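The shown structure was predicted, so the numbers you read here are calculated from the model rather than taken from an experiment. When a ligand or atom number is given, it counts from 1 through the structure's own listing order.
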Amino acid sequence: MSVALNGVPVKEEIEKVMPPEDILAKKPVVMVECFQNIPCDPCAASCPFGAILPFEDINDLPAVDYDKCTGCGICVTSCPGLAIFVLDMNYSDEEALIKLPYEMLPLPQKGEMVSGLDREGHKVAEVKVDKVTKTKNKTYLISIVVPKELALIIRNIRVEDKTNG
Ligand code: SF4
Ligand code: SF4
């Protein structure tokens, strides 16, 4: 199987971590885009519902029990690799909600339009910030509303710094 050499996952890798379609159709769930066997496991301990299964070896890749996942987003900000997202494909008829981790400044504001970026950092749309949640660590949980067809594309945001004019 081909794997990304530049840190950007390839299509086959993304397909492997896609939540099942029947689950996505009925509730918000986590999508864990973790592809490297590195010694890291805070995601499993962070989930209060046991939806990220305990690791047998700290180098394992995370495994998800989607039936247990509520889409709460707690695990999203536990991941030092910023590799975890929540997808709610039923936000509206045309839109999905994505919860993503964010550590940059300036912070977005609720209701603000920001740039939605793909996994390579390219802008693909203007998207609306639905919620900004402070957590107990330095990572914020940002909820954005995106066109449904971009729910598997957008994985970051860019907030334009308005202090420079
Ligand atoms: S979104 Fe919530 S329920 Fe789902 S895996 Fe993360 S912490 Fe657990
Ligand atoms: S915390 Fe993040 S980087 Fe670490 S194993 Fe879990 S998903 Fe992968």
### Query
Any sub-3.5 Å donor-acceptor pair from K110's side-chain atoms to D130's backbone N or O?
yes
### Query
To which protein heavy atom is atom 2 (Fe) of ligand 1 closest, and what is the distance rounded to 0.1 Å?
C72 SG, 2.2 Å
### Task
Return the residue, atom name and 0.1 Å-rounded distance of the protein heavy atom closest to atom 6 (Fe) of ligand 2.
C43 SG, 2.3 Å
### Query
Which of the atoms of ligand 1 are close to G71, meaning less than 4.0 Å from one of its heavy atoms?
1 (S), 4 (Fe)
### Task
State whether the number of non-hydrogen atoms from other residues, nucleotides or ligands found under 6.0 Å of E94 atom CD is greater than 12.
no
### ILVMFWY network linking I52 to L61, side-chain heavy atoms under 4.5 angstrom
no
### Close approach, P80 and ligand 2, non-hydrogen under 4.0 angstrom
yes
#### Entry: Sub-4.0 Å atoms of ligand 1 with respect to non-hydrogen atoms of T70
3 (S), 4 (Fe)
### Summary
atom 1 (S) of ligand 1 has as its nearest protein heavy atom G73 N, 3.3 Å
### Task
Distance to 0.1 Å, residue and atom name: give those for the protein heavy atom nearest to atom 8 (Fe) of ligand 1.
C47 SG, 2.2 Å
### Message
I'd like to check which ligand 2 atoms, numbered from 1 as shown, lie under 4.0 Å from a non-hydrogen atom of V32.
### Response
7 (S)
### Query
Counting only N and O atoms by type, is there a donor-acceptor contact under 3.5 Å from the side chain of N90 to the main-chain atoms of A25?
yes
#### Entry: Numbered atoms and elements of ligand 1 in range of F49, under 4.0 angstrom, heavy atoms
3 (S)
### Query
Judged by atom type as modelled, is there a donor-acceptor pair below 3.5 Å linking the side chain of K27 to the main-chain atoms of D67?
yes
### Task
Is it possible for you to say whether M104 and Y140 belong to one hydrophobic cluster, with membership spreading through side-chain heavy-atom contacts below 4.5 Å?
yes
### Atoms of ligand 2, numbered as shown, that sit under 4.0 Å from any heavy atom of P42
1 (S)
#### Entry: Closest approach of any protein heavy atom to atom 4 (Fe) of ligand 1, naming residue and atom
C69 SG, 2.4 Å
### Message
Pair F35, V17 - check side chain to side chain contact (heavy atoms under 4.5 Å, CB included), show working.
### Response
CA-CA 9 Å; F35 304 107; V17 298; 3.8 Å; yes
### Message
Under 2.8 Å from atom 2 (Fe) of ligand 2 - does any N, O or S atom of C79 fall there?
### Response
yes
#### Entry: Criterion side chain to side chain contact (heavy atoms under 4.5 Å, CB included) on I153 and V146, from CA distance to verdict
CA-CA 10 Å; I153 305 288; V146 308; over 6 Å; no
### Message
Starting from atom 5 (S) of ligand 2, what is the nearest protein heavy atom, named by residue and atom, and what distance separates them?
### Response
C40 O, 3.2 Å
#### Entry: For C75, the ligand 1 atoms whose distance to one of its heavy atoms is below 4.0 Å
1 (S), 5 (S), 6 (Fe), 7 (S)
### Query
Do Y66 and L152 sit in the same hydrophobic cluster, where Ile, Leu, Val, Met, Phe, Trp and Tyr count as joined when their side-chain heavy atoms come under 4.5 Å apart?
yes
### Message
Could you tell me, atom by atom, which parts of ligand 2 come under 4.0 Å of a heavy atom of C34?
### Response
3 (S), 5 (S), 7 (S), 8 (Fe)
### Task
Report yes or no: does K148 contribute a side-chain atom to a donor-acceptor pair with the main-chain N or O of M89 at less than 3.5 Å?
yes
